[in-house]
Amino acid sequence: MSTTGSKRPAQVSAARRRTVLDALRRGAVPESGLDLLATGLDRFETALDAELDAVASGGSVFKAVRGEYGSGKTFFTRWLGERAKRRNFAVAEIQISENETPLHKLETVYRRLTERLTTSSFPPSALRPVVDAWFYALEEDSLAAGATEEELPGEVEKLLVARLAEVSRRAPSFATALRGYRAALADGDEATASAVLAWLGGQPHVAASARRSAGVRGDLDHFGALGFLQGLLTVLRDSGHNGLFVVLDEVETLQRVRSDARDKALNSLRQLIDEVHSGRFPGLYLVITGTPAFYDGQQGVQRLAPLAQRLATDFTTDPRFDNPRAVQIRLPGFNQEALIGLGATIRDLYADAAASSDRVRTVVDDAYVADLSRAVGGALGGKVGVAPRLFLKKLVGDVLDRVDQFDDFDPRQHYRLTVASSELTDVERNLAAAVAGGAASADDIDLEL
């Protein structure tokens, strides 16, 4: 991922700058403000923006993102999510894991989606504000059609039935729960309203009394989850949102689960792709991320031939000619030049708000940024592709903060790079162990992928 040609805005608010730098200081990918760092993604912008526009017009898109560990998959999907949010999409990022969110249990995936649902106006979970906005929109439409205050409840009910007609054919309890939620609010029963909304969001173990009050029963199951997702998309559209952008991150973890659970998960993924392409989910942009081993290996996508066919993409050509419109896109990751360029971008972002901007740029010049990037890469066995997270953490927390606060601090004299095992991810720790143990290369270390 080249970092040449930065498009960082000339004016950056203090809040956005702080959000980005605080996340990098913790060694995390920022939740927002990624356009400040997103350099070298120009090649994807035109195609992906066109797909977002198509989804906003009632289409649906499935996209698979592939990249090695450290290639920036999480950064990329959050960057794309920000672009979706600027188009008035709701956004949800879900981490797939065997214990917390197994992919073969779509009811759990749906529950995580509602828990992580966010909009440009509301943080997670934005489910209740979205539902409330939907009922408000139904009331406004009813009044605009000439309904009186006395007729309003009945007209809202008619609109609810009409707009959820398609959803009700597959998941009638979705509309039933919405009616129960509105009735509880009208009665001033906040506890029941909250419980019914939790059930609508896929939460298990909702009080039986609340379910009886709303006229629903049991918990959401695997097949009902798809109907509820369809209903959520309808509610989002009618409440003023152009679509829903969903990321299923770290899908490669499927390779580590039991074979029976893995096969079910891969089939669930195949089912999701088919449903998206069938047009069942208008307004949905669904993204998964995974490593090349997941897409190409026998413990991943290749284990299920129909899924492999749906995701098949030619990556035998020069990466410069990769097709960003394809179902699967490749992130090439960082090289040394790209890492240095990213470090300079962060240095300049930091310096713009520093007490002594010129001193920061002078002391932490491009040559020092290059030296630090090479040192971090060397500590990880020369694997620059997995170095960005640790490099930026060291640059901001160990170097720039000290230069900004201490007038006599010179990183060339007073700072020596240290890498503690506790601050590394599993992949980084394995690479560092290869260096310390004198392995011939990082490839000599078995990574559990």
Side-chain angles (χ1 to χ4, degrees), residues 1-3 27-29 34 37-41 43-44 63-80 93 95-97 247-256 287-303 308 311-324 326-343 373-374 376-393 419 424-435 439-449:
M1 188 181 302
S2 171
T3 57
V29 174
L34 296 180
L37 313 179
T39 53
L41 298 179
R43 59 188 299 230
F44 297 108
K63 207 78 170 179
V65 177
R66 72 187 272 145
E68 297 287 359
Y69 287 102
S71 62
K73 296 188 294 295
T74 300
F75 179 94
F76 177 85
T77 54
R78 288 185 183 173
W79 166 79
L80 184 55
E93 178 185 319
Q95 301 292 323
I96 297 301
S97 68
V247 178
L248 303 181
D249 202 9
E250 299 184 359
V251 178
E252 70 269 5
T253 56
L254 295 182
Q255 297 171 103
R256 299 197 291 267
V287 180
I288 67 169
T289 72
T291 59
F294 169 71
Y295 293 111
D296 301 336
Q298 292 303 315
Q299 298 306 312
V301 168
Q302 300 303 316
R303 189 179 177 94
L311 295 179
T313 305
D314 178 17
F315 290 115
T316 61
T317 57
D318 188 309
R320 292 179 302 160
F321 306 119
D322 282 359
N323 178 14
V327 65
Q328 189 181 155
I329 57 177
R330 167 171 57 179
L331 300 183
F334 280 82
N335 56 28
Q336 195 68 54
E337 179 185 359
L339 197 61
I340 295 170
L342 180 58
S373 70
R374 282 190 287 268
V376 173
L380 297 178
K383 292 291 185 178
V384 178
V386 298
R389 185 197 72 84
L390 185 61
F391 166 63
L392 295 177
K393 180 176 186 290
V419 178
L424 300 179
T425 64
D426 289 342
V427 174
E428 293 166 348
R429 192 175 297 115
N430 281 328
L431 294 178
V435 177
S441 74
D443 295 330
D444 293 337
I445 301 299
D446 282 335
L447 301 182
E448 185 183 6
L449 301 178

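Only a predicted model underlies this, so the values are computations on that prediction, with no experimental measurement involved.
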Query raised in the report: Can Arg78 and Val247 be said to form a side chain to side chain contact (heavy atoms under 4.5 Å, CB included), step by step?
Result: CA-CA 9 Å; Arg78 288 185 183 173; Val247 178; over 6 Å; no
How far does [atom1] of [X] sit from [atom2] of [Y], to the nearest 0.5 angstrom?
X      : Y      : atom1 : atom2 : answer
Gln298 : Gln255 : CD    : CD    : 11.0 Å
Leu34  : Phe76  : CG    : CZ    : 11.5 Å
Thr291 : Glu68  : OG1   : CD    : 6.5 Å
Ile96  : Glu252 : CD1   : CD    : 10.5 Å
Phe75  : Leu80  : CZ    : CG    : 11.5 Å
Asp314 : Arg330 : CG    : CZ    : 8.5 Å

Report task. Report the residues that fulfil side chain to side chain donor-acceptor pair (under 3.5 Å) with Asp249, sequence neighbours left out, ordered by chain and then residue number. Result ->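 In terms of side chain to side chain donor-acceptor pair (under 3.5 Å), with neighbours along the sequence ignored, Asp249 is linked to Thr74, Gln95, Thr289.
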**Report entry** Thr313 vs Val327 side-chain heavy atoms within contact, under 4.5 Å
**Finding:**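 Yes. Closest side-chain heavy atoms under 4.5 Å.
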Contact summary for [X] and [Y], nearest pair of heavy atoms:
X      : Y      : answer
Lys73  : Gly290 : CD-O, 3.5 Å
Val301 : Ala308 : CG1-CA, 3.4 Å
Pro324 : Phe44  : CB-CD2, 4.0 Å
Leu311 : Gln328 : O-NE2, 2.8 Å

Query raised in the report: So, Ser373 versus Gln336: side-chain donor-acceptor pair below 3.5 Å or not?
Result: yes
Query raised in the report: Given the rule in the side chain to side chain contact (heavy atoms under 4.5 Å, CB included) test, do Tyr295 and Ile288 qualify, once you have shown the distances and angles that lead to the verdict?
Result: CA-CA 11 Å; Tyr295 293 111; Ile288 67 169; 3.7 Å; yes
Query raised in the report: Can you check whether Pro388's main-chain N or O pairs, donor with acceptor, with Lys393's side chain at less than 3.5 Å?
Result: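 It does not hold such a pair.
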